[in-house]
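Right, one structure below, let's go through it.
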There are 2 protein chains.
Amino acid sequence: MQINKNSSVIDRPGLEARALVIKAMAHPTRLFIIEELSRGKKCVCELTEMLGVDVSTVSKHLSVLKSVGIVKDEKKGLMVFYTLIMPCLLPFMNCIARVLNQDETTSVNPCSCNNCK
Amino acid sequence: MQINKNSSVIDRPGLEARALVIKAMAHPTRLFIIEELSRGKKCVCELTEMLGVDVSTVSKHLSVLKSVGIVKDEKKGLMVFYTLIMPCLLPFMNCIARVLNQDETTSVNPCSCNNCK
DNA sequence: TTACTATTTGCTAATATTACCAAATATAGA
DNA sequence: TCTATATTTGGTAATATTAGCAAATAGTAA
């Protein structure tokens, strides 16, 4: 996403930057990666095997996460290990998961997850 | 986004559903709307005036947020008021904002926002 | 009824995202 | 050096998202 793509976009400070971080999370494969990395660092090859998609696809997803500061990478020999460096994403994902598990009433009743109380 | 678009997508339970909620947030205009609604319900016309974009654009952003259960709507006369029903999104957004405000070191150092501690 | 206002919906062009293949790069070991 | 492995990068086709216009819908009031 481009920053300030045109003048009609509201530019409340940090809005576009925050949207970039959230957009980086907004893909099932990248959510999976975030969850896996929350259990500890993993190399690209491990994630690729778990995901069952092309390694170049995994690499690009990781670069999206890295570009917004959600993960960092670290080279060891031939392998590159990725680490989650923004763990505050996890309680948020759990909150969403709890809300979604409330079956059919989810979309009309106020959120009742722990964070929302 | 389609659910289970093909067989190579990992189907850890709830992954796609969570991605849909996060994707609904992943736009500067919708983040703005979420922030504004966190201060209280607002009608489409109020949001439209604040945003300075076409009312149909605002209406469509609101329908994205509604479809995943982030907001609910309520008709009063000619006007439709929207209410935030998933306030647990706010601490998450604050966390991201704090991380982003840590200037140039953000993308290489572990998150140190309150949630991540 | 007609007129007016608020909102939603249908449509379209512009833009962005995605997955994969193929090629490039980087590192290790023989 | 040559070979093999791990990862990234470039390119491309398919798909998805977006904004705004125009038209449709819904509610109010004369």
Side-chain angles (χ1 to χ4, degrees), chain A residues 1-11 15-16 19-33 37 41-68 71-83, chain B residues 1-11 15-16 19-33 37 41-68 71-83:
Chain A
M1 186 198 304
Q2 204 178 337
I3 306 281
N4 283 325
K5 60 179 75 163
N6 68 48
S7 59
S8 74
V9 171
I10 27 78
D11 57 355
L15 217 42
E16 287 85 0
L20 279 179
V21 175
I22 295 171
K23 181 174 280 199
M25 299 177 66
H27 190 285
T29 299
R30 294 196 291 266
L31 282 185
F32 178 91
I33 291 172
L37 294 187
K41 67 174 65 173
K42 287 201 171 44
C43 67
V44 180
C45 53
E46 288 175 290
L47 293 168
T48 300
E49 193 186 359
M50 298 175 102
L51 285 163
V53 296
D54 195 89
V55 61
S56 69
T57 301
V58 177
S59 178
K60 275 169 185 166
H61 281 305
L62 285 164
S63 84
V64 170
L65 293 173
K66 181 183 169 188
S67 71
V68 299
V71 302
K72 68 172 182 178
D73 61 347
E74 180 189 3
K75 191 146 198 172
K76 277 189 183 165
L78 279 180
M79 281 135 80
V80 178
F81 287 85
Y82 281 84
T83 309
Chain B
M1 186 197 304
Q2 206 178 340
I3 306 280
N4 283 324
K5 60 178 76 162
N6 69 48
S7 58
S8 75
V9 170
I10 25 80
D11 57 354
L15 217 43
E16 287 85 0
L20 279 179
V21 175
I22 295 171
K23 181 175 280 198
M25 299 176 67
H27 190 286
T29 299
R30 294 196 292 265
L31 282 186
F32 178 90
I33 291 172
L37 295 186
K41 66 173 65 174
K42 287 199 168 49
C43 67
V44 180
C45 53
E46 288 175 289
L47 293 168
T48 299
E49 193 185 1
M50 297 176 103
L51 284 162
V53 297
D54 194 89
V55 60
S56 70
T57 300
V58 177
S59 177
K60 277 168 187 167
H61 281 304
L62 285 164
S63 84
V64 171
L65 294 173
K66 181 183 168 188
S67 72
V68 299
V71 303
K72 68 171 182 179
D73 61 346
E74 180 189 4
K75 192 146 197 172
K76 278 190 182 164
L78 279 180
M79 281 135 81
V80 178
F81 286 85
Y82 280 84
T83 309

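In what follows, chains are A, B, ... by sequence order, proteins preceding strands, each numbered from 1. What you see below is based on every heavy atom in this structure, not just the backbone, and it leaves out hydrogens, waters and symmetry mates.
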Axis deviation across the helix from C:dT1-D:dA30 to C:dA30-D:dT1, five-pair ends, to the nearest 10°: 20°
Sub-3.5 Å pairs of nitrogen or oxygen atoms, protein against nucleotides 5-10 of chain C:
| residue | atom | partner | partner atom | Å |
| --- | --- | --- | --- | --- |
| C:dT7 | OP1 | B:Val44 | N | 3.3 |
| C:dT7 | OP1 | B:Val80 | N | 3.1 |
| C:dT7 | OP2 | B:Cys45 | N | 2.7 |
| C:dT8 | OP1 | B:Tyr82 | OH | 2.7 |
| C:dT8 | OP2 | B:Ser59 | OG | 2.6 |
| C:dT8 | O5' | B:Ser59 | OG | 3.3 |
| C:dG10 | O6 | B:Lys60 | NZ | 2.6 |

Anything under 3.5 Å between a donor and an acceptor, one on a side chain of residues 46-53 of chain A, the other on a protein residue two or more places apart or in another chain? List them.
| residue | atom | partner | partner atom | Å |
| --- | --- | --- | --- | --- |
| A:Glu46 | OE1 | A:Cys43 | N | 2.9 |
| A:Thr48 | OG1 | A:Val44 | O | 2.7 |

Min side-chain heavy-atom separation A:Leu65-A:His61 under 4.5 Å: no
A:Asp73 versus A:Val80, closest heavy-atom pair with distance: CB-CG1, 3.7 Å
Contact summary for A:Thr83 and A:Glu74, nearest pair of heavy atoms: OG1-OE1, 4.3 Å
N/O (side chain, A:Lys23) to phosphate O (OP1/OP2, C:dA16) under 4.0 Å: no
Cation-pi, A:Phe81 ring and A:Lys76 (6.0 angstrom, 45 degrees): yes
A:Ile22 side chain reached by B:Ile22 side chain, heavy atoms, under 4.5 Å: yes
D:dA19 phosphate, OP1 or OP2, under 4.0 Å from B:His61 side-chain N/O: yes
Atom of A:Ala24, atom of A:Val68 and distance for their closest heavy-atom approach: CB-CG2, 3.5 Å
Interatomic distance, A:His27 atom NE2 to B:Glu16 atom CD [nearest 0.5 angstrom]: 9.5 Å
